[in-house]
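Right, one structure below, let's go through it.
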Amino acid sequence: MKGVFSAPGDYIHFKSQVPLHKIPIGTKQWRYYDFGPKAVPPLICLPGTAGTADVYYKQIMSLSMKGYRVISVDIPRVWNHTEWIQVFEKFLDAIDVHHIHLYGTSLGGFLAQLFALHRPRRVRSLVLSNTFLETRSFSAAMPWAPIASWTPSFLLKRYVLTGIRDGPHEPFIADSVDFVVSQVETLSREDLASRLSLTTADASVGPLLLSDSAITIMDVCHLILNLFTSCAFLKDQLSERYPEARRAYLKTGGDFPFLSRPDEVNLHLQLHLRRVGVEARPDLVHNIPKDGLGGSSGKEKNGDDTDKSRKDGEGTSGNPSTEREIPHSPESTGSNNLDNQPLESEECCHLNHQVALYVFPSGLTKEKHFVPTETRVHFMWEYAVLFYLLRYISSLYIIDNYSLEFRQVM
Amino acid sequence: MPSRRRTLLKVIILGDSGVGKTSLMNQYVNKKFSNQYKATIGADFLTKEVQFEDRLFTLQIWDTAGQERFQSLGVAFYRGADCCVLVYDVNSMKSFENLNNWRDEFLIQACLLNLRLRWQASPSDPENFPFVVIGNKIDIDGGNSRVVSEKKARAWCASKGNIPYFETSAKECVNVEEAFQCIAKDALKSGEEEELYLPDTIDVGNSSQQRSTGCEC
């Protein structure tokens, strides 16, 4: 893993071009990107446990340019599967979308299947990647799941990150891992806890009304399967459940092929959409304003994408309000090397929410993070909770030991 | 947790429009043939499980658009190919003459993808990359309308490094199975020779970390 993560050039370009929408629906805050011609039925991307709406930025950029509408969402803080179905349906109503095509990876794939099971009229097709049919094996692997909502965020992050395989990777796979790790860092304790709860809460996907021919299973062949993809047994279960589903195998790509092999994933997504009858409208791409390619309906309020940490339930990395002023040039996929960009002498410094953002006119942004006082207090509080939690567990152990000795004496 | 590896063999079918690429693929995978012509738009693929030397493989066969105006999906699917099948119509001299262009196009594009995307397993040695040539539609008019002789086709294959050659009829299912068995065998050989990815190496001379770019062509 690299010591310092610098955002890829194409991601910086993406942030400057695509608005992040934030809308409150009921008690839930939704963060999502909606890009591409409104006339086209959307492909909705659902990330996994470690993902955010941003992880599909390569799909959003590529497919929208080809005339498809792509919506990428952050899984909101929902704590059970019934709530997920209700909340997601409300979200679709709010953005005025009726028939959808779902692309889900890992946990996102499971949630996509659940939604297709309970709301069959709305889901026209599924693309499933590294996903599963039931949560039983995950709850067995995570006996401490019931106290996930009480667990400090650094422990949750550590747990999630240990699920991501590190080691000698191809450069592009290493870049994809780095990007996902950087996204995990933006997730709050509640975000992580709710996702782990969804992964471990007892549930399984029953037979779908959706025809197998409307399902594509996209998998990486040489993937060593683990908690955050799914074990071999679960993969076999998926294949057995949808025997006539289209199988789109990728040779390599690691845990996050949508980031490491975007051209191949995008190709398979295009083929899937074409097969299920989604007509791309490249003719409408030209009519879309540069600064916000076919956003959502006027119903919702677009929150300003400020550089607040997502600790408060919003926020994202980067500051598009600042970025939008900079003429960015798209870079080659996954290229993190910004060394070749000429730096102009003039630098303007912009301070926002305790983040010093140095903006170079050539399009290079650097961030210097200061730890705000409230964050320090937050960390101290977490450590205190952890300390007392450990003391409580050890005291239980001591009491248990004493009672055992007492019984033996008796 | 035990790791499971599925061996994927990726095959690309190239050739002029109307030579029977889609028909060959459908005949091999689905045992079906249709007389109705429908141009392939962009590309499409079918998968078939094949057994070879007591091992199971997934053959992913990519059917491509022969007409330039239908090549809307680019060449992303070229990457990671283990074998390339060049198809021509024995009743069309032009389709045979264009085999050169298709072969060169494939090697150029596959190598460009390697260099740009630092991917390890594609034609890093273009001269030895496995191709198979198929002369299709031998059934038409009982072979009387044929314009490309077998001798001429074999001579071209020999000049390009002894490329295996098959004459087929997708309609009558003649030699299709045999051709694809050879394709699978060549793809398997190519797949097993793929370089393994090695982590970043340190060049002591420059004392800087370098990443392998894979394709050296």
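Computed over heavy atoms, backbone and side chain alike; hydrogens, waters and symmetry mates excluded. Throughout, protein chains are lettered first and strands after them, A, B, ... in sequence-line order, and every chain is numbered starting at 1.
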Closest approach of L271(A) and A43(B), non-hydrogen atoms and distance? CD2-O, 2.9 Å
Quick one: closest heavy-atom pair of L250(A) and L8(B), and the distance? C-CD2, 4.1 Å
Just say parallel, tilted or perpendicular for the rings of W62(B) and H268(A), cut-offs at 30° and 60°. tilted
Check whether any side-chain heavy atom of R246(A) lies under 4.5 Å from a side-chain heavy atom of T47(B), and answer yes or no.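 Side-chain contact under 4.5 Å: no.
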Atom pair NZ (K251(A)) and CG (D82(B)), whose distance is rounded to the nearest 0.5 Å: 3.0 Å
Please enumerate all residues that pass side chain to side chain donor-acceptor pair (under 3.5 Å) together with T22(B), with sequence neighbours excluded. T40(B), D63(B)
By salt bridge (Lys or Arg N to Asp or Glu O under 4.0 Å) - contacts of R281(A) (at least two apart):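 Salt bridge (Lys or Arg N to Asp or Glu O under 4.0 Å) check on R281(A) returns D283(A).
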Is Q60(B) reaching over with its side chain to a backbone N or O of Y249(A), donor-acceptor style, under 3.5 angstrom? yes
